[in-house]
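Before any comments, here is the structure.
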Amino acid sequence: MYANVCCASVQGVEALWIDVETDISPGLPQVNVVGLPDPAVRESVERVRAAVKNCGFQFPLQRITVNLAPADQRKEGTAFDLAIAAGILIVSGQLDGGPFAGTLVIGELALSGEVRPVPGVLPMVEQAKRRGIRRVLLPAGNAAEAALIGGMDLYAVTHLSQLAGKDWDALRFAAERPGLGQMRANGADDPLQADLDFADVIGQPTAKRAVLTAAAGRHNLLLSGPPGTGKTMLVRRLPGILPPLTEEEALNVTKIYSAAGKLGTGNVSLIRSRPFRSPHHTISAGGLIGGGSVPRPGEVTLAHEGVLFLDELPEFSRQALEALRQPLEDREVTIARSRAVFRFPARFMLAASMNPCPCGFHLHETEDQRCTCSTGRIAAYRSRLSGPLLDRIDLQVEVPRPVLHAAKPDGWTTAKMRERVMVAAERQQLRAAATGVRWNCDLTGRALRDACKLRPDAAKLLDSAYRALGFSMRAHERVLKLARTIADLDEQDAVGADHVAEAIHYRFLDRKTNS
């Protein structure tokens with residue numbers, strides 16, 4: 001006898017559709033799993049055998065072949081257990097195969113027959129919907145996550161024995177998917193950001209202006225200055241002024257965390273705040289970018305549609321920093337293996353901070369704090385940041401020691417900055433209908449020329465700066481994008497000389513700190 005049960009696994013952050021084909025025939029009792037299974041899949045035979053017996057079923061003492069098609073794609077994970085058990089019970093006549101037709105079946109089995117949750121359910125269910133399959137049999141712990149994909153009939157099981165009946169109505173899971181109208185904006189309604197306000201940062205109007213500009217166009221940002229000047233405080237408040245995730249962005253971010261196994265179980269909802277990832281400087285290049293024998297998402301992918309914060313930037317390994325260059329440019333990570341090429345989304349905003357030297361006081365000395373670093377040591381410290389990497393950072397800002405004005409608030413609050421960012425974002429969305437590009441940081445080619453209408457004085461200044469300051473073509477383009485964002489903050493349709501001048505000013509951290 002033969003049975004086919006639909007299943008799926010995760011490759012990267014997308015689902016791979018798998019047909020679990022089961023055949024039973026006379027012969028010596030054995031179970032062969034073919035179709036490039038990894039050790040976790042091969043071991044599923046013993047889990048399935050014990051679960052079947054402990055649920056009151058009979059495990060067939062015949063030759064059983066389980067094929068995971070397509071057979072040329074490597075399969076990994078434990079999501080196949082329930083589908084393999086169902087296939088064996090169908091071909092042995094202990095289960096009716098009718099309810100399983102056109103049904104996605106996923107879940108891990110315990111030896112007792114308990115059905116355990118698995119990672120990556122969200123992309124699997126989305127793949128089923130794209131294929132026209134509307135029925136999903138899955139662990140009860142994953143049901144709330146799967147319900148985020150609307151229009152699906154979900155059947156939640158906690159034990160293999162629940163499949164014995166022909167009627168699955170008692171297993172139906174009912175949940176209302178949260179819609180866009182229920183999604184909260186970032187900032188005030190986000191418990192992680194509620195207590196973080198830019199008003200807490202004393203002084204630093206230039207740095208706050210730079211953070212505002214970076215958030216408005218999602219530009220990359222580097223803050224440099226001596227210890228304790230508020231660099232980390234500024235960056236940690238950045239998510240509170242970013243525009244909220246759209247429903248499509250929220251679903252994509254949630255899919256990534258589902259594939260990475262970071263959603264948990266139980267009452268799962270869409271991730272509605274922009275991710276903020278802050279890895280330690282000892283992270284490897286693989287941990288930052290992603291990788292492994294079966295590639296998994298790295299920090300740049302977990303920061304998709306959000307912020308990747310690298311504190312003490314020169315302390316990261318040179319290999320890890322150089323690995324950032326490709327995703328900063330292409331907005332995705334491509335990892336090639338012998339049997340497959342994995343692509344991970346990486347549309348993140350890079351925010352970084354650093355000291356001007358190892359001791360932190362170069363060019364910022366006081367009577368009590370003197371720089372103890374030699375010229376060679378400073379050069380070695382700065383050399384960890386290559387020119388091509390710095391060329392990809394739009395705003396490079398000096399953060400000096402603040403002047404205390406305890407009795408004079410400067411008016412830079414998170415609420416006011418968010419309002420200005422939202423105005424600039426709305427102007428970009430209006431242009432997106434014509435350019436097809438949603439954010440200024442992604443403008444390029446014809447879309448950049450159409451969006452950036454330079455006034456004559458602005459064009460003249462930019463041309464002079466390109467020739468006199470030795471801009472690369474990438475730097476020239478990024479100055480233009482940044483000037484467009486500054487004009488949006490000023491609610492100007494055309495880019496003026498003052499906008500270009502401010503954008504150029506943000507490109508010279510490297511020269512100032514080495515002078």
Open item on the list: Check whether Asp391 reaches the backbone of Ser472 with its side chain - one donor and one acceptor, N or O, closer than 3.5 Å.
Closed with: no
Open item on the list: Just to verify, what does Glu426 make a salt bridge (Lys or Arg N to Asp or Glu O under 4.0 Å) with, not counting sequence neighbours?
Closed with: none
Task: Donor on one side chain, acceptor on other, Gln73 and Gln11, under 3.5 Å - done: yes
TODO: Just jot down the salt bridge (Lys or Arg N to Asp or Glu O under 4.0 Å) partners of Asp457, sequence neighbours excluded, or say none.
DONE: none
Task: Sequence-distant partners of Asp38, side-chain hydrogen bond (donor to acceptor under 3.5 Å, both in side chains), two or more places apart - done: none
TODO: Assess whether atom CZ of Arg446 is packed by more than 12 heavy atoms of other residues, nucleotides or ligands within 6.0 Å.
DONE: no
Open item on the list: Looking at Arg427 and Glu491, is any side-chain nitrogen of the basic one under 4.0 Å from a carboxylate oxygen of the acidic one?
Closed with: no
TODO: With sequence neighbours left out, write down each residue that passes side-chain contact (heavy atoms from CB on, under 4.5 Å) with Val479, or none if nothing qualifies.
DONE: Leu462, Phe471, Ala503, Ile504, Arg507
Open item on the list: Are more than 12 heavy atoms, taken from residues, nucleotides or ligands other than Gln429, located less than 6.0 Å from that residue's CD atom?
Closed with: yes
- [ ] For Glu315, enumerate each residue passing the salt bridge (Lys or Arg N to Asp or Glu O under 4.0 Å) test, keeping only those at least two apart in sequence or located in another chain.
- [x] Arg384
Open item on the list: Going by the rule side-chain hydrogen bond (donor to acceptor under 3.5 Å, both in side chains), which residues pair with Ser386 if we only count those two or more places apart in sequence or in a different chain?
Closed with: Glu322
TODO: For Arg431, enumerate each residue passing the salt bridge (Lys or Arg N to Asp or Glu O under 4.0 Å) test, keeping only those at least two apart in sequence or located in another chain.
DONE: Asp488
TODO: Under the side-chain hydrogen bond (donor to acceptor under 3.5 Å, both in side chains) rule, collect the residues that match up with Glu419, sequence neighbours excluded.
DONE: none
- [ ] Scan residues 327-336 for pairs that pass side-chain hydrogen bond (donor to acceptor under 3.5 Å, both in side chains), counting only residues two or more places apart or in two chains.
- [x] Gln326-Asp330, Glu329-Arg392, Glu329-Arg474, Arg331-Asp442
For residues 344-359, please give each side-chain donor-acceptor pair under 3.5 Å, one per line with the distance, not counting sequence neighbours.
from	atom 1	to	atom 2	distance (Å)
Ser353	OG	Asp311	OD1	2.4
Asn355	ND2	Glu312	OE1	3.4

Open item on the list: The criterion is ring-ring contact (aromatic ring centres under 6.0 Å, His included); which residues satisfy it with His280, sequence neighbours excluded?
Closed with: none
- [ ] Look at Glu76 together with Arg296 and state whether they make a salt bridge at an N to O cut-off of under 4.0 Å.
- [x] yes
Open item on the list: One thing to verify: whether Arg274 and Glu249 come together as a salt bridge, which I'm taking to mean a side-chain N less than 4.0 angstrom from a carboxylate O.
Closed with: yes
Open item on the list: Under the rule for side-chain contact (heavy atoms from CB on, under 4.5 Å), what residues qualify as partners of Ala199, not counting sequence neighbours?
Closed with: Asp197, Thr413
